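Working notes, structure below.
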Amino acid sequence: YLAAPPCDARPRARQQGLLEMYGQLVIKGFAGQTAGDPRVRTVRKALEQSLLGGVILYQKNILNPKQVTALTRAFSTAAARYTPIIAVDEEGGAVERLNRSKGFSYTPGHRRMQQRNSVAQARKRYDGMASELVKAGFNTNFGPVVDLRLNLNNPVIARNYRSFGTHPLYVARYAQSFVAAHDAAGIGTALKHWPGHGSSTRDSHRHFVDVTKHWQPIEIEPYRRLFAKGYSGMVMTSHIYHHDWGNGEHLPASLSPVAIKTMLRDELGFDGVVITDDLQMRAISSRRKLDESIIMALAAGNDMVLIGNVLSQAPANPDFAVRAIARGVREGRLNFKQLYRSWQRVIAYKARLRR
């Protein structure tokens, strides 16, 4: 798959091949809990047609172990050409989709994990988490959080105990235990939230967040340390804004070529998959339409876009994002060679996942 795009010389087949390529750059959330639900069938069909790269499950999709395993199996068997990414946010603590109330085990949040467990003990607990994810049918976990706990009043990181601490060395060590446990189980991970959400004063789920006066360069150090150890998963970009990254257009990090191409790619040398946080979070959706955000995110250097369908519902058309990407290419706003390189990264990432 890495030698050439999935298309041949015939115009119609070539066009379909391009749409399939674009589809691999999209992950979507959805409504529904069973394979027979019409909304689930729509997503499954998009996976079968290679017009979607994967799905993410939230609390609304999960009832119990038996139900979620049947649901993920419906997705994993849907696509023959590409392995679908079947993702979840399973950090532990406040962000735990597979929780005790639904019949799963409990894992403490990052702060509690660091306070009460050594790195070796944390690794054992994360081994248990990864094993449970495998049984439930997931192959990607959007974690760990590597934000530094720099602002104790931070409403989305510190107050929810989502940070391993204030020092990048300890954050990197505990994050590495999380990553290693998932790697051993064949599950991909995503370091978040680039380039650091720990100093912010507001929640980007709800507001446009300006960190110009608060962000510190030390916030990228956990990434640097993990990259030095050969990290091969994803990096998730945040929707925080900094004047130095904004290109004079109030672009948050997730839409900023400076934050992604310059800082992450060129300066830190990361060449893995970069994915956005949910493009329907208010930091983005309050200022831009979804199709524009998709185009801008990929142009900025993200390889994949995440459309959660939690805070709001995207258009019902399953290939909405694919058509937006195709329009961006036609209008010259998206560089085909850059998209092709993103596709290569995504396919290489998928090749390492547990089916």
Side-chain angles (χ1 to χ4, degrees), residues 27 29-31 33 54-72 75 85-117 119 121-147 149 154-165 171 174-193 197-198 203-206 233-234 236 238 275 277-278 281 306 308-311 354:
I27 292 180
F30 59 95
Q33 299 167 334
V55 295
I56 179 171
L57 278 68
Y58 292 100
Q59 289 276 18
K60 64 181 182 179
N61 306 116
I62 300 169
L63 296 176
N64 56 62
K66 183 177 180 180
Q67 169 269 330
V68 75
T69 302
L71 182 58
T72 57
F75 294 134
I85 291 173
I86 305 176
V88 67
D89 289 310
E90 184 71 3
E91 302 168 14
V95 182
E96 192 174 33
R97 313 303 187 199
L98 310 182
N99 55 48
R100 282 184 290 195
S101 69
K102 297 177 183 290
F104 296 93
S105 303
Y106 170 74
T107 304
H110 289 4
R111 179 62 175 157
R112 294 293 186 229
M113 183 68 80
Q114 184 272 329
Q115 287 177 324
R116 300 173 181 176
N117 298 271
V119 173
Q121 290 170 330
R123 168 61 194 269
K124 290 183 179 180
R125 300 204 70 167
Y126 288 133
D127 280 335
M129 171 189 280
S131 177
E132 201 159 53
L133 289 173
V134 168
K135 291 177 182 177
F138 293 97
N139 60 23
T140 294
N141 187 0
F142 288 145
V145 174
V146 293
D147 298 321
R149 191 168 54 91
N154 180 303
V156 67
I157 303 299
R159 288 185 186 173
N160 285 327
Y161 299 93
R162 296 175 70 195
S163 170
F164 285 119
V171 170
Y174 279 89
Q176 179 62 31
S177 71
F178 185 108
V179 170
H182 287 72
D183 281 350
I187 297 179
T189 53
L191 307 181
K192 59 188 185 184
H193 307 80
H197 211 313
D203 182 352
S204 54
H205 290 85
R206 305 185 180 194
M234 296 183 178
M236 178 177 284
S238 69
I275 185 171
D277 207 339
D278 182 6
M281 289 163 60
L306 176 62
N309 281 329
V310 174
L311 302 176
R354 181 187 187 95

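Not measured: the values here are computed from a predicted model.
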Is it true that a side-chain atom of Ser163 and a backbone atom of Arg149 form a donor plus acceptor pair closer than 3.5 Å?
yes
Between the CZ atom in Phe142 and the CE atom in Met236, the distance rounded to the nearest 0.5 Å is 4.5 Å
Exercise. Kindly say whether Met129 contributes a backbone atom to a donor-acceptor pair with the side chain of Glu90 at under 3.5 angstrom?
Key: no
Interatomic distance, CG@Leu98 vs CD1@Ile62, rounded to 0.5 Å, equals 5.0 Å
In Thr140, Ile86, Ile27, the residue satisfying side chain to side chain contact (heavy atoms under 4.5 Å, CB included) with Ile56 is Ile27
Problem set entry | Heavy-atom neighbours of Phe104 CZ exceed 12 at 6.0 Å | yes
- Message: Quick check against the 3.5 Å criterion: does Gln67 have a side-chain atom that pairs as donor or acceptor with the backbone of Gln33?
- Response: yes
| field | Donor-acceptor pair, side chain of Arg111 and main chain of Ala158, under 3.5 angstrom | value | no
Exactly one candidate in Ile187, Asn61, Leu133 meets side chain to side chain contact (heavy atoms under 4.5 Å, CB included) with Val88; the answer is Leu133
- Task: Specify whether Tyr126 and His182 have parallel, tilted or perpendicular ring planes, treating 30° as the upper limit for parallel and 60° as the lower limit for perpendicular.
- Result: tilted
Fill in: Donor-acceptor contact below 3.5 Å, side chain Asn64 vs main chain Lys66
yes
Interatomic distance, CD@Glu91 vs CG@Asn141, rounded to 0.5 Å, equals 8.0 Å
Practice prompt. Mark yes or no for whether His193, through its side chain, and Asp277, through its backbone, hold a donor-acceptor pair below 3.5 Å.
Written response: no
Rounded to the nearest 0.5 Å, the CD atom of Gln121 sits from the OH atom of Tyr174 at a distance of 8.0 Å
Worksheet entry | Backbone N/O of Arg97 and side chain of Asp89: donor-acceptor pair under 3.5 Å | no
Hey, is NZ on Lys135 packed in by over 12 heavy atoms from elsewhere, all under 6.0 Å? no
Any sub-3.5 Å donor-acceptor pair from Asn160's side-chain atoms to Ala94's backbone N or O? no
task: Mark yes or no for whether Ser131, through its side chain, and Asp127, through its backbone, hold a donor-acceptor pair below 3.5 Å.
output: no
Open item on the list: I'd like to know if the side chain of Glu96 and the backbone of Thr107 have a donor-acceptor N/O pair within less than 3.5 Å.
Closed with: yes
